[in-house]
Amino acid sequence: MAKNFTTRKDDYAKWYNELVIKADLAENSPVRGCMIIKPYGYAIWENMQYALDKKFKKTGHRNVYFPIFIPKSFFSKEASHVEGFAKECAVVTHYRLKNDENGEGIVVDESAKLEEELVVRPTSETIIWDTYRNWIQSYRDLPLLLNQWANVVRWEMRTRLFLRTAEFLWQEGHTAHATKEEALEETAKMLDVYADFAEHYMAMPVWKGRKSESERFAGAVDTYCIEAMMQDGKSLQAGTSHFLGQNFAKAFDVKFLDKQNQQQYVWASSWGVSTRLMGALIMAHSDDNGLVLPPKLAPDQVVIVPIYRKEEDFEKVNQKALEIKEELEEKDIRVQYDNRDTHKPGWKFSEYEFKGVPVRIAIGPKDLEKGTVEVARRDTLEKSFYQATDIGAKISHLLDNIQQNLYNKAMDFREERTSTADSWEEFKDILKNRGGFILAHWDGTPETEEKIKQATKASIRLIPFEGYDEPGKCVYTGNPSKGRVVFAKAY
RNA sequence: CGGGGUGUAGCGCAGCUUGGUUAGCGCGCCUGCUUUGGGAGCAGGAGGUCGCAGGUUCGAAUCCUGCCACCCCGACCA
């Protein structure tokens, strides 16, 4: 049991904050709103990156890198895009510092003012589409399927580690296509990639759908998203994929000659996931004993702790532990053998439990006599003894089992906390007493959406692609509705 | 930017109301011995511009003024 650790029931927000700090994932930086991602947290992010990057490559994308600075004038070219991001942009205005003449230390050198101010990218559509103009002339240049891993800055008022920070890490895909159909297909395909990643790697079930007009990306024609339920019943947008139509092509004059020798504007998509996924991962599975990580993303899948009293015990235990480590590594299991004598076993147990290592193996003199090892799984906190023979296959199987169990648990939780509401009273009652997702009819107007949000703080998280399109009456106005949408309070 | 709160050792805090020896406590850290199957015990030790600046006073962590920083709750957002 972790010491001085807030429980979820006690204060969910505090539980999250403490978990991030105490599990050594990240900490606040000297710069307000920015975070320092620590080695353990970064290792998880690297595992996410690696898995996603493979999927991007497999679907035909290649990586590029565009500058962090964007000329201010680029931003004004797509009207709704500027409007969406203008309020949260950091701007570089000078390029030199100097010693203050009055001895007040280093100051900005006013004489070194930039001719054109540079915006620190909040997203890269503008600079990328300005460049695509030169890269695309013919239908033979299409499709152009590129992605970049980068940092972006959005000057947020209130921040929380991983969930919302002024600077965050992400990946942004930017694709160009000859036809609308192709661009739409790409938008849907990449959402599927995200959903697949969320479910199979993060062990986190997600809803797929489209955003309402008010939640749409600034500059997009349509925004698709995946939404996951956190353990407090709130929804977290885990990934977005945008159909940009010809908006950016027109703003940046990106045209190509088709087979009929006709000039046409290019069709576009963009899509991204960020370090926010770290927040999602933490809140999807962790418990009052600390972090719980799915084996596929855990930096260490197994930790081996040796138990001994005397030096001669250690030599024997150590030898066996090294054998087991090797057997596990042969099965491509990421394993850490912690034979430090600076910490006691009990301390190590607590430490790795708090850090969410999926499986712990303890080996002591008694195990050597019996030919066993003690195996503890983090997800259920169960301990059992395994015969040490063929340990690699057994643990490999156990890791698969844990991965699946985490998914099932998250899915059960989501199902249990998903309701349908057919009246306004019912809608309010569910939000107040149960929270979670509510499937309800909506008349399709931004006005109603806004009123519901004002009244309940719940917003439309997504409009499902399929399966919920039977007509009905809006839960708020009673006006005709084309189908149910998903309402929830959101991060 | 509105409302609330906090700045004292690496971290978490007490002390401030009612000014007065050398500023304390817990965790962590260092040394030694004993320990090691769920966060060890004992002994010794290191570590402080009390957020910053000014003022009141014989004397300020403590009282007064100004400033700064950070956190929480709102408005904005992936």
Side-chain angles (χ1 to χ4, degrees), chain A residues 1-5 11 13-14 17-18 21-22 24 27-34 83-89 122-123 151-172 194 211 214-218 220 223 225-228 235-242 270-280 289-290 305-311 313-314 317 338-355 360-370 372-376 381 383 385 453-454 457 459 461 490-491:
Chain A
M1 192 62 172
K3 286 191 293 190
N4 307 321
F5 183 47
D11 186 339
K14 197 171 170 198
N17 291 337
E18 281 182 11
I21 301 285
K22 291 186 176 179
D24 251 351
E27 62 188 43
N28 282 305
S29 75
V31 182
R32 182 189 160 81
C34 294
E83 200 187 329
F85 285 106
K87 285 169 293 182
E88 49 187 14
C89 285
T123 179
N151 60 336
V152 286
V153 170
R154 296 180 189 176
W155 214 262
E156 300 290 347
M157 288 298 155
R158 304 224 335 88
T159 59
R160 286 183 77 192
L161 292 172
F162 290 120
L163 295 174
R164 177 162 298 114
T165 46
E167 180 195 24
F168 57 90
L169 306 184
W170 79 346
Q171 107 345 266
E172 47 181 323
Y194 290 154
K211 283 295 187 191
S214 63
E215 300 268 341
R216 193 180 292 156
F217 174 74
T223 288
C225 65
I226 54 171
E227 295 272 335
S235 183
L236 188 143
Q237 179 175 304
T240 51
S241 183
H242 315 292
S270 70
W271 28 274
V273 295
S274 72
T275 36
R276 191 179 218 208
L277 287 179
M278 293 287 295
N289 297 306
V305 178
I307 314 283
Y308 55 93
R309 277 171 198 275
K310 295 166 291 196
E311 191 57 32
D313 286 343
F314 174 70
V317 167
D338 186 352
N339 64 356
R340 290 177 296 174
D341 62 358
T342 50
H343 296 279
K344 298 204 334 174
W347 187 92
K348 292 175 187 174
F349 291 177
S350 301
E351 176 76 1
Y352 294 115
E353 186 170 295
F354 198 84
K355 288 192 157 187
R360 182 188 75 231
I361 297 178
I363 307 170
K366 289 176 201 163
D367 293 302
L368 293 183
E369 284 169 25
K370 294 184 289 182
T372 58
V373 294
E374 187 201 67
V375 176
L381 295 171
K383 283 196 280 198
F385 288 92
K453 194 174 176 181
Q454 290 297 327
K457 288 190 175 169
S459 54
R461 297 327 302 153
Y491 276 94

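Chain letters run A, B, ... following the sequence lines, proteins first, then strands; residues in each count from 1. Keep in mind it's a predicted model, so treat the numbers as computed, not measured.
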Item to check | Atom-pair distance (NZ on A:Lys14; P on B:rG5), nearest Å | outcome: 18 Å

Next on the checklist: Considering every strand and a 4.0 Å limit on heavy-atom distances, what is the contact class for A:Phe168: base, sugar-phosphate, or nothing?
Outcome noted: base

Item to check | Euclidean distance for C1', B:rC11 against B:rG28 (whole angstrom) | outcome: 7 Å

Checklist entry - How does RNA chain B read in dot-bracket, base by base from 5' to 3', with Watson-Crick or G-U pairs under 3.5 Å and | used when the partner is on another strand? => result (((((((..((((......[...)))).((((((.....)))))).....(((((..]....))))))))))))....

Checklist entry - Rounded to the nearest Å, what distance is computed from the CG atom of residue A:Asp24 to the C1' atom of nucleotide B:rC11? => result 13 Å

Item to check | Same-atom distance (C1') from B:rC71 to B:rU65, integer angstrom | outcome: 25 Å

Checklist entry - Which whole-number value in Å describes the distance from A:Arg340 CZ to B:rG39 C1'? => result 13 Å

Checklist entry - If the P atom of B:rG20 is compared with that of B:rA53, how far apart are they to the nearest Å? => result 22 Å

Checklist outcome for this item: Regarding the side chain of A:Ser350, the nearest nucleotide among B:rC76, B:rG37, B:rG38 is B:rG38

Item to check | Non-neighbouring partners of A:Phe314 that pass ring-ring contact (aromatic ring centres under 6.0 Å, His included), sequence neighbours left out | outcome: A:Tyr308

Item to check | For A:Glu167, all residues meeting side-chain contact (heavy atoms from CB on, under 4.5 Å), sequence neighbours excluded | outcome: A:Cys34, A:Asn151, A:Val153

Measure all distances between protein nitrogen or oxygen atoms and nitrogen or oxygen atoms of nucleotides 32-36 of chain B, and list the pairs falling under 3.5 Å.
residue, atom, partner, partner atom, Å
B:rU36, OP1, A:Arg309, NH1, 2.2
B:rU36, OP2, A:Arg309, NH1, 3.1
B:rU36, O2', A:Tyr308, O, 2.9

Checklist entry - If you look at every strand shown and take non-hydrogen atoms under 4.0 Å, does A:Lys348 touch a base, only sugar-phosphate, or nothing? => result nothing

Item to check | B:rG7 and B:rC67, which share atom name C1', separated by this distance in whole Å | outcome: 14 Å

Item to check | Distance, P atom - from B:rC42 to B:rC13, rounded to whole angstrom | outcome: 25 Å

Review item, nucleotides 68-75 of chain B N/O atoms under 3.5 Å of protein N/O:
residue, atom, partner, partner atom, Å
B:rC71, OP2, A:Arg32, NH1, 2.9
B:rC73, OP2, A:Arg158, NH1, 3.3
B:rC73, OP2, A:Arg158, NH2, 2.0

Next on the checklist: Students often get this wrong, so: under 4.0 angstrom with heavy atoms, is A:Thr165 touching a base, only sugar-phosphate, or nothing?
Outcome noted: base

Checklist entry - Reckon A:Gln237 touches a base, only the sugar-phosphate, or nothing at all at heavy-atom distances under 4.0 Å? => result sugar-phosphate

Item to check | Residues in ring-ring contact (aromatic ring centres under 6.0 Å, His included) contact with A:Trp347, at least two apart in sequence or another chain | outcome: A:His343

Next on the checklist: Taking only the P atom of each, what is the distance from B:rC76 to B:rG39 in whole angstrom?
Outcome noted: 49 Å

Checklist outcome for this item: Here the pair of heavy atoms bringing A:Phe349 nearest to A:Ile307 is CZ-CD1, 4.0 Å

Checklist entry - Does A:Phe168 have any ring-ring contact (aromatic ring centres under 6.0 Å, His included) partners at least two apart in sequence or in another chain, and if so, which? => result A:Trp170

Checklist entry - When the distance from CG of A:Leu163 to C1' of B:rC76 is rounded to whole Å, what number comes out? => result 16 Å

Checklist entry - What pairs with A:Lys87 under side-chain contact (heavy atoms from CB on, under 4.5 Å), at least two apart in sequence or on another chain? => result none

Item to check | Partners meeting side-chain hydrogen bond (donor to acceptor under 3.5 Å, both in side chains) with A:Ser235 (sequence neighbours left out) | outcome: A:Glu227

Next on the checklist: Please report the distance separating the C1' of B:rC72 from the corresponding atom of B:rC29, rounded so that it comes out in whole Å.
Outcome noted: 31 Å

Checklist entry - Of all residues at least two apart in sequence or in a different chain, which pass the salt bridge (charged side-chain N to carboxylate O under 4.0 Å, His left out) check with A:Asp24? => result A:Lys38, A:Lys355

Item to check | Test item: side-chain donor near acceptor, A:His242 and A:Thr223, under 3.5 Å | outcome: yes

Checklist entry - Taking CH2 from A:Trp347 and C1' from B:rG28, how many angstroms apart are they, rounded to a whole number? => result 11 Å

Next on the checklist: Rounding to an integer number of Å, can you tell me how far A:Lys22 NZ sits from B:rC11 C1'?
Outcome noted: 10 Å

Item to check | Between C1' of B:rG38 and CG of A:Asn289, the distance in whole Å | outcome: 12 Å

Checklist entry - Which value, in whole Å, describes the distance between the P atoms of nucleotides B:rG10 and B:rG66? => result 30 Å

Checklist entry - Listed by chain and number, what are the side-chain contact (heavy atoms from CB on, under 4.5 Å) partners of A:Asn28, not counting sequence neighbours? => result A:Leu161

Item to check | Contacts of type side-chain contact (heavy atoms from CB on, under 4.5 Å), residue A:Pro122, not counting sequence neighbours | outcome: A:Phe75, A:Phe85, A:Cys89, A:Val119, A:Arg154

Checklist entry - Can you check whether A:Lys211 reaches A:Phe217 side chain to side chain, under 4.5 Å on heavy atoms? => result no

Item to check | Gap between atoms CD and C1', on A:Gln454 and B:rC76 respectively (whole Å) | outcome: 13 Å

Checklist entry - Any side-chain donor paired with an acceptor under 3.5 Å for A:Arg461 and A:Ser459? => result yes

Next on the checklist: Using only modelled atom types and a 3.5 angstrom limit, is any donor from either the side chain of A:Lys383 or the base of B:rG38 paired with an acceptor on the other?
Outcome noted: yes

